[in-house]
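First up is the structure itself, then whatever we jot down about it.
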Amino acid sequence: MKSILTAAAALTLLASPALAQEAPTWSLAIHGGAGVIERASLSPERDAAYRAGLQAALDAGSAVLARGGSALDAVQAAVETMEDNPLFNAGRGAVFTAAGKNELDAAVMNGADLNAGAVAGLTRTRHPIAAARAVMERSPHVMLIGEGAESFAASVGLAQVEPSFFFTESRWQALLKALRDKGLPLPARPAGAPPEPSTLARPVPLASLNEAPLDERKFGTVGAVALDSQGRLAAATSTGGMTAKQWGRVGDVPVIGAGTYASNADGCAVSATGSGEYFIRATVARDICHRTAEGVAVKPAADAEIAEVGAIGGEGGVIVMGKDGAVAFSMNTSGMYRGEAGSGRASRVAIYADEEASR
């Protein structure tokens with residue numbers, strides 16, 4: 001009887017949310033972008049598709065951490081899963097520039113030693129987050145851009161694809177609408193893209209739930225933060241940027257300290273999503289970690305920084321991981337695709353600002 005009671009007590013302790021928050025072996029949080037995301041704008045089927053996409057990313061990162069893998073490997077696995085999912089604006093399914101191209105940015109940071117890598121303006125590298133990590137680990141630099149970044153990624157053996165690999169019809173139609181609204185010229189349909197649909201009579205010319213809706217109103221970025229069983233923190237972020245962006249625009253994602261930051265010494269890892277120009281000006285990710293270094297808990301640190309972004313006119317959100325595995329989500333928008341998982345607790349996902357993350 002004593003052994004039975006002991007086993008039952010052990011199971012009770014293992015299932016305790018309080019214990020999981022106090023001493024997790026590993027912890028993971030992800031996001032898939034923030035913005036005007038309201039229940040009325042997503043059908044039940046599309047809502048379910050986004051939740052499934054978030055869960056797949058959580059599962060990929062969790063699998064790494066559960067077997068004792070590193071936080072860096074976990075955030076890369078989670079982000080690569082979303083880069084391959086056309087529902088998210090990163091990798092395949094990224095938005096188009098005004099010139100009709102997909103230009104991809106990414107960054108990764110190792111909190112254990114403050115090493116970091118970033119890339120901007122990629123057009124052929126399948127996984128931009130892998131390129132960012134290669135810059136961090138296999139070059140003496142922190143950021144590479146454009147053709148040079150592409151050549152480097154290819155030189156270290158990262159998968160290269162034709163630019164049309166990233167094409168999705170919904171993103172292309174969103175670009176054409178944005179350019180027409182601005183009175184800007186329309187680019188030619190990209191080489192290698194599928195033939196244009198014969199009819200675009202519906203407001204959202206998309207039957208498949210595997211692509212983002214044409215009328216999406218969110219800041220398209222994906223990201224992950226993690227704490228591994230060795231106590232190491234890491235952060236990773238990837239994006240296709242803004243629809244119809246011009247002049248080589250680069251946002252906050254690859255700017256270390258703005259959209260991405262991790263520091264074991266400060267006790268936090270951050271990945272951001274939002275109006276990038278404001279997140280750069282506010283140095284959002286680094287400032288959150290500065291607050292945690294001064295003893296502020298991750299949630300109030302995140303909330304305070306998002307309030308500062310809002311005060312200068314910016315919108316978006318952040319995910320934050322503490323050195324104890326505590327997770328914080330903060331946003332000043334109506335929604336943010338997000339989720340979390342950890343040892344001793346069930347994984348949870350959420351979309352709308354007013355909902356608790358739930359499985």
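- Checked for salt-bridge contact, R92 and E83 miss the test: no charged N lies under 4.0 Å from a carboxylate O.
- T97 places a side-chain N or O within 3.5 Å of a backbone atom of A99 that can act as its donor or acceptor partner.
- When every heavy atom of V309 is checked against every heavy atom of V284, the shortest pair comes out as CG2-CG2, 3.3 Å.
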Q: Assess whether side chain to side chain contact (heavy atoms under 4.5 Å, CB included) is satisfied between L114 and S263, documenting all intermediate values.
A: CA-CA 6 Å; L114 300 186; S263 169; 3.7 Å; yes
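- Note on D252 versus R281: no salt bridge recorded, every NZ/NE/NH1/NH2 to OD/OE distance being 4.0 Å or above.
- A distance of 13.0 Å separates CD1 in I256 from OG1 in T283, rounded to the nearest 0.5 Å.
- By the 4.0 Å N-to-carboxylate-O rule, R39 lies close enough to D354 to be salt-bridged with it.
- L87 and L58 end up in the same hydrophobic cluster when Ile, Leu, Val, Met, Phe, Trp and Tyr side chains are linked at under 4.5 Å.
- One hydrophobic cluster holds both F96 and L184 under the rule that ILVMFWY side chains link at heavy-atom gaps under 4.5 Å.
- Under a 3.5 Å cut-off, the side chain of T273 and the backbone N or O of A34 do form a donor-acceptor pair.
- Judged by distance alone, with hydrogens and angles left aside, the side-chain atoms of N332 form a donor-acceptor pair with the main-chain N or O of G314 at under 3.5 Å.
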**Q.** Full working for side chain to side chain donor-acceptor pair (under 3.5 Å) between N85 and Y50
**A.** CA-CA 10 Å; N85 187 333; Y50 273 108; over 6 Å; no
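- Looking only at atom types and distance, the side chain of T260 has a donor-acceptor partner in the side chain of T237 under 3.5 Å away.
- When all heavy atoms of R126 and F165 are compared, the pair lying nearest together is NE-CZ, 3.8 Å.
- Under the 4.5 Å side-chain criterion, counting only non-hydrogen atoms from C-beta, H127 is in contact with D84.
- Under a 3.5 Å cut-off, the side chain of K299 and the backbone N or O of F329 do form a donor-acceptor pair.
- Both L28 and L54 are part of a single hydrophobic cluster, where members link through side-chain heavy atoms under 4.5 Å apart.
- Of the possible polar contacts, one joining the N89 side chain to the V95 backbone as a donor-acceptor pair under 3.5 Å is found.
- Taking a 6.0 Å sphere around CD of E147, one finds it holds 12 or fewer heavy atoms contributed by other residues, nucleotides or ligands.
- For the pair K245 and E103, the minimum side-chain heavy-atom distance is below 4.5 Å.
- Atom CG of L42 is separated from atom CD1 of I37 by 7.5 Å, given to the nearest 0.5 angstrom.
- Between the side chain of T221 and the backbone N or O of T239 there is no donor-acceptor pair closer than 3.5 Å.
- One hydrophobic cluster, built from ILVMFWY side chains closer than 4.5 Å, cannot hold both M336 and V270; they sit in different ones.
- T25 and S229 share no side-chain donor-acceptor pair at under 3.5 Å.
- For the pair M331 and G335, the tightest heavy-atom approach, listed with the atom from each and the gap, is SD-C, 3.7 Å.
- Closest non-hydrogen pair, K323 versus L227, comes out as O-CD2, 3.6 Å.
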(Q) Under the criterion side chain to side chain contact (heavy atoms under 4.5 Å, CB included), I'd like the reasoning laid out for V225 against L233: C-alpha separation, chi angles, the key distance, then a yes or no. (A) CA-CA 7 Å; V225 291; L233 291 164; over 6 Å; no
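- Ion pairing between K177 and D181 holds under the 4.0 Å rule for side-chain N and carboxylate O.
- A donor-acceptor contact shorter than 3.5 Å is absent between the side chain of E277 and the backbone of S275.
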Q: Walk me through it: do S41 and R46 pass the test side chain to side chain donor-acceptor pair (under 3.5 Å)?
A: CA-CA 9 Å; S41 67; R46 195 172 292 282; over 6 Å; no
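- The shortest side-chain heavy-atom distance between L122 and D105 does not fall under the 4.5 Å cut-off.
- In this structure a side-chain-to-backbone donor-acceptor pair under 3.5 Å is missing from R291 to C289.
- For D228 (side chain) and W26 (main-chain N/O), no donor-acceptor pair under 3.5 Å exists by modelled atom type.
- Relative orientation of the W172 and F167 rings is tilted, given thresholds of 30° and 60° on the angle between their planes.
- Contact check on E45 versus R51 returns no salt bridge, with no Lys/Arg side-chain nitrogen under 4.0 Å from an Asp/Glu carboxylate oxygen.
- To the nearest 0.5 angstrom, E315 atom CD is 9.5 Å from F279 atom CZ.
- Side-chain contact between Y352 and D47: present, with at least one pair of heavy atoms (C-beta onward) separated by less than 4.5 Å.
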Q.
With salt bridge (Lys or Arg N to Asp or Glu O under 4.0 Å) as the criterion, how do D73 and R133 come out once you've worked through the C-alpha distance, each side chain's angles and the decisive distance to 0.1 Å?
A. CA-CA 10 Å; D73 286 345; R133 185 168 178 182; 2.6 Å; yes
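- By the 6.0 Å contact criterion, CG on L179 is enclosed, its count of non-hydrogen atoms from other residues, nucleotides or ligands being greater than 12.
- Looking only at side-chain heavy atoms (C-beta outward), S70 and Q230 stay at 4.5 Å or farther from each other.
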(Q) With side chain to side chain contact (heavy atoms under 4.5 Å, CB included) as the criterion, how do I30 and R338 come out once you've worked through the C-alpha distance, each side chain's angles and the decisive distance to 0.1 Å? (A) CA-CA 5 Å; I30 64 169; R338 61 200 187 275; 5.9 Å; no
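- Considering only heavy atoms from C-beta on, T123 stays 4.5 Å or farther from L104 through its side chain.
- When all heavy atoms are compared, the tightest approach of E150 to T125 is OE2-OG1, 2.7 Å.
- Atom OG of S238 is separated from atom CE of M82 by 8.5 Å, given to the nearest 0.5 angstrom.
- With rounding to the nearest 0.5 angstrom, the CE atom of M321 is 7.5 Å from the CD atom of E340.
- Considering only heavy atoms from C-beta on, R345 comes within 4.5 Å of V327 through its side chain.
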Q: Evaluate the criterion side chain to side chain donor-acceptor pair (under 3.5 Å) for residue pair Q55 and S347; output intermediate values, then yes/no.
A: CA-CA 8 Å; Q55 189 62 54; S347 60; 3.0 Å; yes
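- If you take CZ on R124 and CZ on F166, they are separated by 9.5 Å, rounding to the nearest 0.5 Å.
- Annotation for I288 and C268: closest pair C-SG, 4.2 Å, computed over non-hydrogen atoms.
- Put simply, the side chain of S27 gets close to the backbone of G325: a donor and an acceptor are under 3.5 Å apart.
- Both V108 and V222 belong to a common hydrophobic cluster when Ile, Leu, Val, Met, Phe, Trp and Tyr are linked at side-chain heavy-atom distances under 4.5 angstrom.
- Taking the charged nitrogens against the carboxylate oxygens, D266 and R286 do have a contact shorter than 4.0 Å, which makes a salt bridge.
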